[in-house]
Amino acid sequence: MNNIGLIIAREYLSRVKKKSFIIMTLLAPLLFGGFMFVVAWTATKGSDTKNVQVVDESGLFAEVFVDSDDNQFDYTDVSLEDAKASVLSGEYDGLLYIPSLDVDSPNGVIYYAPNNPSIGMVSGLSRKIEAEIENIKLTRSGIDKEVLESLKADVDINTINLTESGGEKESSSIGATAVGYVAAFLIYMFIFVYGAMCMRGVVEEKTSRIIEVVIASVKPFQLMMGKVVGIASVGLTQFLLWIILTITISTVAGAAFMDTKADLDKQQIEQMEAMDIPQGDMQDLPQNDPNIMEKLSTAVDSINIPMVVVAFLFYFLTGYLLYGALFAAIGSAVDSDADAQQFMFPVTIPLIFAIVMLSAVLNDPNGSLAFWLSMVPFTSPVIMMMRVPFGVPVWELALSMVLMVGGFLFTIWLASRIYRIGILMHGTKVNYKTLGKWIMMKN
Amino acid sequence: MELLRIDDISKSYSNHQALSNVSMTIPKGSIFGLLGPNGAGKTTLIRIITRIIEQDSGTAFLNGDEITPELVRKIGYLPEERGLYKKMKVGEQLLYLARLKGLSRPEAVSRIKSWLKRLDLTEWHGKAIEDLSKGMAQKVQFIATVLHEPDLIILDEPFSGFDPVNANLIKDEIFKLRDDGATVIFSTHRMESVEELCDHIALINKSEKILDGKKLDIKNDHKDGTFVVIHEGTLATSEHYELLGSERTEIGLTESVVKDKTDGGPNNLVKELIKDVEIHSFIEKVPTINEIFISKVKGGSHE
């Protein structure tokens, strides 16, 4: 057992002391924080103002196109040909041509531009024309616009979770979705990145031939577990540092961003929330929509945070152990990273499948698809993390965890059978049949 | 006193027999040459002794005890395929390997220091293995093998990759270790180093042990009554001896190899030779390990 400790320490220290680890650990939150900042910044700033020339031969839309931040409209009386020429000469970014049209079949509106205009731009223009035509039709049929407005209703449905203890809590699908997605993706990425690291470590030991020296001192199983656990500790270290650094950076960036007093749309708030910005910071938000603030705090309140954290740590580790052991086994069976590809594919399929199924699970977080996927150990780390923020019955979570433990014990056993033979094999062409033979082989 | 006893060990892989019923004893304090052509089963035997793989049947005893994972710590093993963690520093690497063998940290640190000094590597202590020349890396690996002062040191082709100077350095270290009480198993197909170093040998061919014992006894057993005679005049096969070959020497004499047919010992043969030629030199031809090796291995393949 003492040897496992030594192996873990070596695997851990040799990676944590690497320059690339330090650089990645420092850089990733900077990049991530910077990325969030740029997204937020561009969202508020909007795009460049476009100068649009309007040739309105129908004369119906004289008041419709008013200048905005995005567009500046110039009505003109020149002929279509002259107007086109002024677009080509660069005087205008685009030309909206409205022929004299029949409001019952409004066809023939054309937007001329040197480049493809954005969809948002075109649909914006078309919406304005449609709205005006509707107005004209309303007036024609004698309905007052204000009467029509008053007929419209705007209803928000608040969802409330009933709990057995008799309490009621307001739930928020949006908050749960965001938390679930972030957790599921983090687990997915962690398994991939560190699983591959495990595999490369084994291949390195095998190709550098140190393996025989080490194996004369420790059991193959100890070596494999030492490596898997050592790399898991590297991952946890990096992950914790990332959380701390990301919170710091995004808080700073967030504060700078708040100074612009810009509107935050819901999406951005979700992003900020996903980044674990402490609630205190949220109080600085512009209060122009108190409803958002309300929703946001209930979104966070409705999620069982301790349960999410515990489940995350559990699936984070066990999911990695399950896949990490398999990756180590692959590394032991091949002679180079390149040979590993053919074996990596089938191992990663369940993981990719889980990610693909996320949106289906999201549609019905407590449905039977979600239930079964969160029971199968190969998909449960990703799928369960998506479900937990929505609230999962305790027995389901417990069953999934038990199966998960069973699952990783099984893959570790399987991997160690392959590993003990594989590490000493050089230059053998390995296929699934030989792997099967190794698993069955006595020592 | 025997240090290692191999008792009737067999091992088969899925498609071939690697060792069949191999037994041998290795005396304490000997330098034991484990010889055999490629694929004979030497590495398999070593891996069974170091418990890297498990035998199908039979037992290996170290100092009378069946070798357990704990007992493996008393063995130092230098595999033929050398390897160290390329990115790790020399000192850290040795410390790691020594601690895996059960040395305490302070003990390991002080031994590493003295060994690096002994092999002239002190200034490389903080360098990564990948920055070392191949010969230096080999020395580091040798240190890793003997650092925990094992009772049994197993060296698989220890001189490959060394220049003559360093090979001699290592050879001297092997003798020193033996004098300090260690037993060395030395697996190789380089026969000149066997002649020089080993006092006991065992020959493995095609999964079977075909020969073992003291080097001297084996050589004596393989004397076939041939003699090298340097003489004046011409020799021809007679009823007393058989001429196996002759060639002229630089100083105008003839060197002939003759096989004794008299059954009366060297003196008797000389008596007969004197009658035919003038003898300048007469010496018994003792077979080299190389010759024994080749004749045994070839003989085996003819059967």
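These numbers were taken from a predicted model, which means no experiment stands behind them. Note on naming: letters A, B, ... go to the chains in the order of the sequence lines (proteins, then strands), and numbering restarts at 1 for each one.
- Heavy-atom distances place both the backbone and the side chain of A:Leu424 under 4.5 Å from chain B.
- Considering all non-hydrogen atoms of both residues, A:Arg10 and B:Met88 come closest at NH1-SD, 3.1 Å.
- Considering every non-hydrogen atom in both A:Ala216 and B:Lys101, the closest pair reads O-NZ, 3.4 Å.
- Contacts with chain A were tallied for B:Gly102, B:Pro79, B:Pro69; B:Pro79 has the most, counting heavy-atom pairs under 4.5 Å.
- Annotation: B:Phe162, atom CZ; neighbour count of heavy atoms from other residues, nucleotides and ligands within 6.0 Å is above 12.
- Neither the backbone nor the side chain of A:Ile211 comes within contact range of chain B; no heavy atoms are under 4.5 Å apart.
- To the nearest 0.5 Å, the span separating CD1 on A:Ile421 from OH on B:Tyr13 amounts to 9.0 Å.
- With a 4.5 Å cut-off on non-hydrogen atoms, A:Ser208 touches chain B through its backbone and its side chain both.
- Remark: A:Glu204 CD to B:Lys86 NZ distance equals 7.0 Å, nearest 0.5 Å.
- Within the 4.5 angstrom heavy-atom criterion, atoms from both the backbone and the side chain of A:Val213 approach chain B.
- Applying the 6.0 Å contact sphere to CG of B:Asp120 captures no more than 12 heavy atoms from other residues, nucleotides or ligands.
- Only the side chain of B:Gln93 comes within less than 4.5 Å of a heavy atom of chain A; its backbone N, CA, C and O stay farther away.
- A side-chain donor from one of B:Tyr85 and A:Glu205 sits under 3.5 Å from a side-chain acceptor of the other.
- Look at B:Glu54 and A:Arg420 and you find no salt bridge, because none of the NZ, NE, NH1 or NH2 atoms lies under 4.0 Å from a carboxylate O.
- If you take CG on A:Asn3 and CZ on B:Arg99, they are separated by 9.5 Å, rounding to the nearest 0.5 Å.
- Taking all atoms of both residues into account, the shortest heavy-atom contact from B:Leu100 to A:Ile7 is CD2-CG1, 4.1 Å.
- Counting heavy-atom neighbours within 6.0 Å of A:Phe345 CZ, excluding the residue itself, gives a total of 12 or less.
- Here the CG atom belonging to A:Leu6 is positioned 8.5 Å from the CG atom belonging to B:Leu95, to the nearest 0.5 angstrom.
- Counted within 6.0 Å of NZ on A:Lys219, heavy atoms from surrounding residues, nucleotides or ligands total 12 or fewer; the atom is thus considered open.
- For B:Arg47 and A:Glu212, the salt-bridge test passes: some basic side-chain N is under 4.0 Å from an acidic carboxylate O.
- Looking at A:Lys18, neither its backbone nor its side chain comes within 4.5 Å of chain B, counting heavy atoms on both sides.
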Next on the checklist: Set out, in order, the CA-CA distance, both residues' side-chain angles and the distance that settles side chain to side chain contact (heavy atoms under 4.5 Å, CB included) for A:Arg209 and B:Gln141, then state yes or no.
Outcome noted: CA-CA 12 Å; A:Arg209 312 276 179 155; B:Gln141 187 129 34; over 6 Å; no

